[in-house]
There are 2 protein chains.
Amino acid sequence: MAKIKDVAELAGVSVSTVSRVLCNGPVSDKVRKRVEAAMAKLDYRPNLAARRLRSQHTDTIGLIVSDIRNPFFTAVSRAVEDEAYRNGMRVILCNTDESPEKEAMYLKLMREERVTGVILAPTRHSVAALDPESLGFPVVMIDRTPAQGDGDAVVLDNRRAAAQLVEHLLAAGYRDIGGLFGNTSSTGAERHAGFAEALTHAGLPSPARFVPPSVEAAEAAVTAWLAEPDRPRALLISNGIFLLGAVRAIKAAGLCLPQDLALAGFDNEVWTSLIDPGLTVIEQPVDEIGRSAMAMLLARLEDPARSHRHVVLQGKLVARGSSAPLRQR
Amino acid sequence: MAKIKDVAELAGVSVSTVSRVLCNGPVSDKVRKRVEAAMAKLDYRPNLAARRLRSQHTDTIGLIVSDIRNPFFTAVSRAVEDEAYRNGMRVILCNTDESPEKEAMYLKLMREERVTGVILAPTRHSVAALDPESLGFPVVMIDRTPAQGDGDAVVLDNRRAAAQLVEHLLAAGYRDIGGLFGNTSSTGAERHAGFAEALTHAGLPSPARFVPPSVEAAEAAVTAWLAEPDRPRALLISNGIFLLGAVRAIKAAGLCLPQDLALAGFDNEVWTSLIDPGLTVIEQPVDEIGRSAMAMLLARLEDPARSHRHVVLQGKLVARGSSAPLRQR
DNA sequence: GACCGCATTGAAATCGATACCAGTTTTTGT
DNA sequence: ACAAAAACTGGTATCGATTTCAATGCGGTC
């Protein structure tokens with residue numbers, strides 16, 4: 001593949017001049033045209049590795065999530081990538097599967113890549129232990145965040161959202177409300193907090209169960225729970241993955257929504273509106289989360305000294321049939 | 001950030017020796033330990049840009065798809081990434097949105113990155129015009145492929161799969177079968193071919209419509225079609241995105257599956273089993289597609305001279321209630 | 001006509017690693 | 001114990017670009 005020296009020779013100029021053409025430096029029109037002709041003729045493309053080495057900026061950001069197949073992260077990723085490419089940056093995507101080891105490995109990789117910055121959905125482990133300062137690049141956390149509130153982050157108002165769901169269920173007349181939460185992320189803990197708070201405030205118990213982040217785990221937990229004699233009358237499900245497992249369990253148990261059981265959860269995935277009678281969910285502003293995270297990262301790069309901030313976005317309650325008001329009998 | 005020279009000085013050896021430690025070259029245990037201690041002390045991480053420039057291999061592959069939010073591509077991407085990282089390679093992900101311009105831009109970018117190879121779901125435009133030889137890196141196509149069969153590719157047996165769905169519908173007693181296909185990919189064309197062939201073979205007409213690749217377009221097309229007096233009695237839908245639009249249109253029209261309309265489509269997305277009465281679909285072996293594509297790329301890199309090949313995978317018919325046998329009346 | 005300033009251009013250093021070659025030490029064989 | 005082979009180590013060129021600094025040419029001014 002042609003390199004800058006070949007272009008320079010063909011155009012009869014020095015490599016410096018070709019470089020200037022590349023970077024819109026000061027070059028006379030006549031020379032610029034000659035150089036551009038030579039570049040076209042050789043089908044020249046600059047070598048990004050060389051450019052990055054010399055210029056010391058990689059224009060690359062890392063995006064570390066638990067699993068791109070989780071539609072929430074899929075949507076966020078797409079928004080991040082669009083925003084990144086729009087700003088002339090590239091994205092390296094990594095899936096941790098909630099494993100702290102994988103996460104640590106990918107963070108190391110990020111250092112080797114000399115990334116400009118990282119957008120990270122931290123595992124529960126790292127959210128506590130991670131020192132963003134020591135990493136050598138700025139980090140914006142998404143979805144999950146350390147409680148004490150340092151560092152940059154874009155998150156949902158998880159407590160409020162969970163409380164909103166509880167209030168919605170209470171208003172619909174339900175009293176025995178159970179909650180299913182993830183045991184690996186701070187998100188699950190926060191949603192549980194909002195859930196428990198709202199029920200306690202109403203003078204009700206707040207039975208909760210915690211499971212690892214997989215459809216199967218959620219399905220098994222809900223199946224077991226529904227088989228118990230004093231099973232809840234309504235369930236709050238902490239994310240879209242669990243929701244899928246919950247619906248499977250409910251179908252398998254032959255229960256009807258909402259007559260036998262009310263259901264409300266997180267993540268407005270496409271199918272939640274399609275299954276009868278429609279699932280009540282909190283919709284997260286996924287595009288906005290991705291865009292904000294990227295914007296935040298760019299702002300931090302612009303001004304490394306600016307104070308850390310948390311952007312807390314509100315979810316939107318989408319009420320559907322699965323939480324229809326309890327009929328009096 | 002520390003560089004190799006710093007490590008060398010701290011360890012009291014030459015940079016060459018440090019480099020050898022890095023690359024598992026021949027180094028005495030004593031020196032290796034000293035160097036490793038120095039690396040640990042300095043928290044040294046090699047600069048990948050420098051390494052790539054010098055070694056002339058980037059260990060990076062490009063993955064170019066239309067939209068990562070399409071669950072088919074999500075799943076394939078994840079498989080590709082896992083396989084790539086397992087082989088010490090990195091992945092650059094790009095979304096073309098079926099735009100030939102974006103695709104061309106990303107292919108240019110791939111050249112600048114000096115990628116080792118590319119896995120590409122080509123737009124209809126490039127599937128015809130693309131000359132993989134001229135790109136400077138090997139390409140494995142997925143999902144879509146040029147008809148004439150040159151180049152490496154991993155695809156579904158689309159004709160057969162579509163024919164299978166048609167045969168399934170015929171066996172269930174349906175006769176007026178319509179098909180909805182994408183107008184931007186070769187996949188749509190092939191599935192249409194299989195669809196038309198199977199119906200023609202049965203002596204039946206094969207009414208088909210073609211739409212751009214979006215949920216909205218599919219929804220609008222199906223809504224319009226269902227409003228016509230001689231609307232089909234069964235629909236074959238060419239992919240998971242369209243299937244979503246179709247289900248929305250059917251629900252909006254107040255039609256019941258399968259009494260009012262039978263439905264069969266592609267892509268066994270999670271929700272297809274959840275909505276009543278379950279959607280009949282062709283399941284694509286998404287993990288296998290991703291893994292095979294990566295394996296194929298690695299094999300091609302190993303032996304650039306080996307003959308091109310197409311891996312054609314069979315889909316699996318998953319029969320559900322949406323295509324239940326037509327009751328006699 | 002000498003001098004200054006501006007706009008261009010080129011030469012050479014540099015980014016941080018690896019590759020190659022040569023030199024030195026250690027091991028092995030007899 | 002000596003020669004030959006093997007193992008290890010260091011110096012330097014190099015990858016392909018950008019960056020810095022110096023040189024050149026040209027026009028205008030006094």
Side-chain angles (χ1 to χ4, degrees), chain A residues 1-36 38-39 42-60 88 90 108-116 136-137, chain B residues 1-36 38-39 42-60 88 90 108-116 136-137:
Chain A
M1 189 161 306
K3 48 194 200 178
I4 201 169
K5 198 167 147 230
D6 304 324
V7 176
E9 277 166 13
L10 181 60
V13 298
S14 72
V15 291
S16 332
T17 300
V18 178
S19 174
R20 273 187 281 263
V21 171
L22 246 32
C23 306
N24 287 315
V27 183
S28 69
D29 281 353
K30 207 178 57 189
V31 172
R32 161 166 279 123
K33 273 219 213 92
R34 259 210 339 268
V35 171
E36 278 168 352
M39 295 201 295
L42 295 173
D43 194 18
Y44 168 77
R45 302 264 102 213
N47 181 321
L48 285 179
R51 174 176 286 188
R52 292 204 256 254
L53 173 59
R54 176 63 241 225
S55 71
Q56 298 289 74
H57 44 76
T58 57
D59 291 342
T60 299
R90 262 154 290 296
K108 262 193 211 157
L109 176 62
M110 295 301 105
R111 302 196 58 207
E112 303 190 350
E113 292 276 3
R114 301 296 192 270
V115 293
T116 306
F137 45 74
Chain B
M1 190 163 302
K3 49 194 200 180
I4 202 170
K5 199 167 146 231
D6 304 324
V7 176
E9 278 166 12
L10 182 58
V13 297
S14 72
V15 291
S16 329
T17 299
V18 178
S19 175
R20 266 178 223 115
V21 171
L22 247 30
C23 307
N24 287 315
V27 184
S28 69
D29 280 353
K30 208 179 57 187
V31 172
R32 161 167 278 123
K33 271 218 213 96
R34 255 203 351 259
V35 170
E36 278 168 353
M39 296 201 296
L42 295 173
D43 195 19
Y44 168 76
R45 301 265 99 213
N47 182 320
L48 285 179
R51 176 176 285 187
R52 292 204 254 255
L53 173 59
R54 177 62 243 228
S55 72
Q56 298 289 76
H57 43 77
T58 57
D59 292 341
T60 299
R90 263 152 290 294
K108 260 193 212 158
L109 177 61
M110 295 302 107
R111 302 196 59 207
E112 303 191 350
E113 292 276 2
R114 301 294 192 271
V115 293
T116 307
F137 45 73

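Keep in mind the model is a prediction, meaning the values are calculated, not measured. Values below: all heavy atoms of this structure, side chains included; hydrogens, waters and symmetry mates excluded. First the proteins, then the strands, lettered A, B, ... as listed; each starts at 1.
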> B:G12 or A:C23: which one's nearest nucleotide on DNA chain D is closer to the 5' end?
Replying inline: B:G12
> When you match B:D29 and B:R114 each to their closest nucleotide on DNA chain D, which lands nearer the 5' end?
Replying inline: B:D29
>> Among C:dT9, C:dT18, C:dG16, which nucleotide has an atom closest to any side-chain atom of B:A50?
In response: C:dG16
> Which nucleotide, C:dA11, C:dA17, D:dA17, lies nearest any side-chain atom of A:S14?
Replying inline: C:dA11
Over how many whole Å does the gap from [X] atom [atom1] to [N] atom [atom2] extend?
| X | N | atom1 | atom2 | answer |
| --- | --- | --- | --- | --- |
| A:D59 | D:dT18 | CG | C1' | 14 Å |
| A:D6 | D:dA17 | CG | C1' | 13 Å |
| A:H57 | C:dC15 | NE2 | P | 15 Å |
| B:L42 | C:dA17 | CG | P | 11 Å |
| A:R20 | D:dA17 | CZ | C1' | 13 Å |
| A:I4 | D:dT14 | CD1 | P | 18 Å |
| A:L22 | D:dT19 | CG | C1' | 14 Å |
| A:E9 | C:dG10 | CD | P | 13 Å |

> Do A:R51 side-chain and D:dT18 base share a donor-acceptor contact under 3.5 Å?
Replying inline: no
Return no unless some side-chain N or O of [X] is found under 4.0 Å from OP1 or OP2 of [N].
| X | N | answer |
| --- | --- | --- |
| A:T17 | C:dT9 | no |
| A:Q56 | D:dT19 | no |
| B:S16 | D:dG11 | no |
| B:S28 | D:dT9 | yes |

Assign [X] to base, sugar-phosphate, or nothing according to its heavy-atom contacts below 4.0 angstrom with the strands shown.
| X | value |
| --- | --- |
| A:R32 | nothing |
| A:S19 | base |
| A:V18 | nothing |
| B:P26 | base |
| B:V13 | sugar-phosphate |

> Within the side chain of A:T60, is there an N or O that forms a donor-acceptor pair under 3.5 Å with the backbone of A:V115?
Replying inline: no
> Got a second to check how far A:R20's CZ is from A:S16's OG, nearest 0.5 Å?
Replying inline: 5.5 Å
> Can B:E113 and A:R90 be counted as an ion pair, charged N to O under 4.0 angstrom?
Replying inline: yes
> Charged N to carboxylate O under 4.0 angstrom, A:D43 versus B:R111?
Replying inline: yes
> Where do A:V35 and A:V27 land on the side-chain contact (heavy atoms from CB on, under 4.5 Å) test, with the steps shown first?
Replying inline: CA-CA 10 Å; A:V35 171; A:V27 183; 5.8 Å; no
> Given A:E112, which of B:R45, B:R52, B:R51 fulfils the salt bridge (Lys or Arg N to Asp or Glu O under 4.0 Å) condition?
Replying inline: B:R45
